[in-house]
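Please read these numbers as outputs of a predicted model, since none were measured by experiment.
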Amino acid sequence: MKNLKINYLKNIFLLALICFFSVNCQRDMSEDATVSTYSKNGDVFIDGFSAGLGYGAFGGSKYTAFTVDKEVKYEGTASMRFDVPSAGDLNGAYAGGVYIDGSGRNLTDYDAITFWVKGSQAASLNSVGFGVDFGLNKYKVEMSNVSIGTNWQKVIIPIPDASKLVQEKGLFWYSEGPENNLGYTFWIDNVKYEKLGTIAHENPSILSGVDTVEQTFIGSNITLSGLTETFNMASGLNQTISIAPGYFTFTSSNSSVATVNELGVVSVIGSGTSVIKATLGGKQATGSLTINSLGAFTPAPTPTQSASNVISIFSNAYTNVPVDYYNGYWGGSTTQGQDDIHISGDDIIKYSQLNYVGIQFTHPTIDVSQMTNLHIDLKVQNTSGARNSINIKLADFGSDGIYGGVGDSTSEVPIVNSSLPTGSWVSLDLPLSSFTGLSSKTHLAQIILGPSSSGITDLLVDNVYFYAVQTAPTTAAPTPTVPAANVISVFSDAYTNITGNNLNPNWGQSTVTTQTPIAGNNTLKYTGLNYQGLQLGSAQNVSGMSFLHIDYYTANSTALNAYLISTGPVEKAKALTVPTSAGWVSLEIPLSNFSPVNLADIIQMKFDGNGTIYLDNIYFHN
């Protein structure tokens with residue numbers, strides 16, 4: 001069994017061309033190219049490379065894996081030799097590259113590319129094909145898991161629609177990893193395009209031939225997958241290849257609901273239903289996508305936690321850690337979907353047929369021991385099912401980081417019915433201390449949602465991350481920019497404060513008041529706030545001012561009010577939004593909000609609420 005090859009195969013076409021050079025060339029590739037005609041030479045490697053051909057190694061591959069071998073060959077004088085590295089080879093994880101003619105060739109006269117292959121051992125060649133040009137790869141074709149024996153055998157890769165290949169640059173490519181973690185050698189010879197005339201009964205498919213229904217929203221983009229074509233070969237066997245969307249012609253039954261471009265990207269632009277289908281060379285492809293657009297999409301609330309305090313599993317607001325999958329399709333799970341909805345740069349996980357589902361991250365596991373909370377945004381979509389509750393489970397894989405190994409532990413927290421109304425985003429912030437069954441949080445590997453006995457069958461998920469609540473600011477409040485001539489300052493290092501202020505008058509409060517430096521800036525701190533007064537050194541006439549400015553920070557307050565008080569006493573409160581999870585809040589409060597306080601005779605200020613509060617830059621200004 002081949003080990004973990006799929007990890008790099010998914011990504012090789014996103015990687016840069018690291019090594020590119022001419023091989024056995026007789027002339028500069030650009031000198032002989034003309035606008036009107038392109039070479040119809042179908043030879044790629046026959047005892048050597050045809051003129052104008054260059055080789056480029058894929059990023060992350062072993063660049064020296066390919067050589068020309070004059071000892072081992074199918075016939076003639078030479079073959080292509082590929083030395084696949086063993087797992088852990090510091091020179092590259094696999095062998096892979098592409099053979100390009102920079103001028104392009106006209107391959108419209110052919111119906112297949114053929115070659116002969118053999119190995120130093122029996123093996124399965126991951127991927128081989130043509131149409132990779134380090135550009136759009138518009139006409140890429142891939143044959144997967146090609147059997148290699150120790151004797152020479154011929155491989156035939158059909159061309160889906162040769163009329164498209166008027167100027168194809170990517171003549172041949174391959175990608176192969178270790179077999180059971182061990183390297184080996186294989187050879188390829190006599191690579192050429194042919195007109196066989198024995199390939200028949202083409203059957204193109206999109207979405208792997210399945211008629212699929214997708215419920216989504218305006219603004220979402222869906223890339224059609226499972227693009228294949230199956231051919232009946234001369235041997236009587238069927239051969240299926242994966243092909244690029246450029247071979248297909250896509251159609252939408254209702255272009256006011258959804259459009260589809262030549263790259264197979266479906267854009268949802270209106271409400272209603274549209275069916276996406278495709279043809280290839282005039283033949284109807286099996287499979288379709290029915291779009292049921294629910295209209296405008298309401299996104300989940302934008303996260304406000306500082307990125308420095310976050311370990312993100314799934315969110316566009318942060319950089320996510322490596323995730324194995326968002327739906328493992330574990331035994332017994334009927335849940336479908338994972339990162340399925342893409343709307344205006346926002347990615348959403350969509351789960352349907354939910355009973356339970358696991359999100360796994362084991363390469364590597366993550367250490368959340370310094371985090372305080374798990375955040376997750378949920379939106380129940382189905383309208384049926386009265387019991388909209390769900391359990392959220394965390395799993396730690398112990399010191400060895402392996403499932404079923406040493407020190408595994410799990411714990412779950414139930415989310416009750418009233419917390420999950422249908423059709424609305426619910427932001428959950430679960431203290432990690434609630435997951436009492438976790439013996440460790442240093443090798444966390446899974447988040448599991450379920451079971452579905454709650455009645456939830458369709459669920460949207462966004463912004464899954466762990467975060468640490470900052471109990472104190474690490475940066476000073478913003479430096480004020482209002483000119484001093486326009487300011488009456490109560491408390492600020494930036495201005496001259498009112499003389500004689502008493503920052504901690506004895507009003508019978510339980511609040512502990514101190515002044516503490518934050519990044520070198522003197523800051524007022526209220527610990528265990530119930531209420532706290534601030535006596536001005538003299539009555540102040542602020543009737544000519546427009547605003548009261550306050551910078552404040554709190555990680556744990558759930559209620560906070562600021563008061564102005566005039567002689568009488570007459571007082572009026574302004575409620576402040578807490579907690580300030582994004583950091584310092586700079587607030588400009590219109591003085592008109594404090595009516596009926598006499599602004600010509602302000603003698604005191606007061607704060608009440610709860611938690612620990614940090615205050616700075618308290619001043620009146622125009």
A quick test of your reading: do over 12 heavy atoms of other residues, nucleotides or ligands sit less than 6.0 Å from [atom1] of [X]?
X: L136; atom1: CG; result: no
X: Y325; atom1: OH; result: yes
X: K572; atom1: NZ; result: yes

Looking at [atom1] of [X] and [atom2] of [Y], how far apart are the two atoms once the value is rounded to the nearest 0.5 Å?
X: Y526; Y: L560; atom1: OH; atom2: CG; answer: 10.0 Å
X: S399; Y: D408; atom1: OG; atom2: CG; answer: 9.0 Å
X: Y356; Y: S333; atom1: OH; atom2: OG; answer: 5.5 Å
X: D346; Y: S315; atom1: CG; atom2: OG; answer: 8.0 Å

Can a side-chain donor-acceptor contact be found between [Y] and [X] if the only test is distance below 3.5 angstrom?
X: D608; Y: Y563; result: yes
X: D324; Y: Q360; result: yes
X: N522; Y: Q515; result: yes
X: T514; Y: T516; result: no
X: T422; Y: Q381; result: no
X: T513; Y: T511; result: no
X: Q535; Y: N504; result: no
X: D367; Y: S369; result: yes
X: N530; Y: N610; result: no
X: T212; Y: E214; result: no
X: D429; Y: Y467; result: yes
X: Q509; Y: Q532; result: yes

Decide side chain to side chain donor-acceptor pair (under 3.5 Å) for T334 and Q336; before the verdict, give the C-alpha distance in whole Å, the side-chain angles of both, and the deciding distance to 0.1 Å. CA-CA 6 Å; T334 61; Q336 299 296 311; over 6 Å; no
Looking at [X] and [Y], would you say the former's side chain and the latter's main chain have a donor-acceptor pair under 3.5 Å?
X: S566; Y: I602; value: no
X: D89; Y: S86; value: no
X: N497; Y: S492; value: yes
X: S352; Y: K350; value: no

Do the ring centers of [X] and [Y] come within less than 6.0 Å of each other?
X: F397; Y: H443; result: no
X: Y619; Y: Y495; result: yes
X: F547; Y: F620; result: no
X: Y531; Y: F607; result: no
X: F58; Y: F134; result: yes

Taking side chain as C-beta onward, heavy atoms only, is [X] less than 4.5 Å from [Y]?
X: V482; Y: P480; value: no
X: I291; Y: T216; value: yes
X: L394; Y: L432; value: yes
X: D458; Y: I456; value: no
X: V321; Y: S312; value: no
X: H549; Y: S586; value: yes
X: L587; Y: Y552; value: yes
X: V461; Y: I348; value: no

Should L449 and Y351 be marked as a side chain to side chain contact (heavy atoms under 4.5 Å, CB included) after you check the CA-CA gap, both sets of side-chain angles, and the distance that decides it? CA-CA 10 Å; L449 305 178; Y351 293 130; 4.1 Å; yes
F314 vs D462, test: side chain to side chain contact (heavy atoms under 4.5 Å, CB included). Steps then yes/no. CA-CA 7 Å; F314 181 87; D462 201 0; 3.5 Å; yes
Regarding K441 and D396, does a basic nitrogen lie under 4.0 Å from an acidic carboxylate oxygen?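 No, no charged N to carboxylate O under 4.0 Å.
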Before you tell me yes or no, could you show the steps for L591 and V542 under side chain to side chain contact (heavy atoms under 4.5 Å, CB included), namely the whole-Å CA-CA distance, both residues' side-chain angles and the distance that decides it to 0.1 Å? CA-CA 9 Å; L591 291 178; V542 299; 4.2 Å; yes
How far apart are the closest heavy atoms of P178 and A87, and which atoms are they? CG-N, 3.7 Å
Parallel, tilted or perpendicular, as decided by the 30° and 60° cut-offs, for the rings of Y614 and Y553: perpendicular
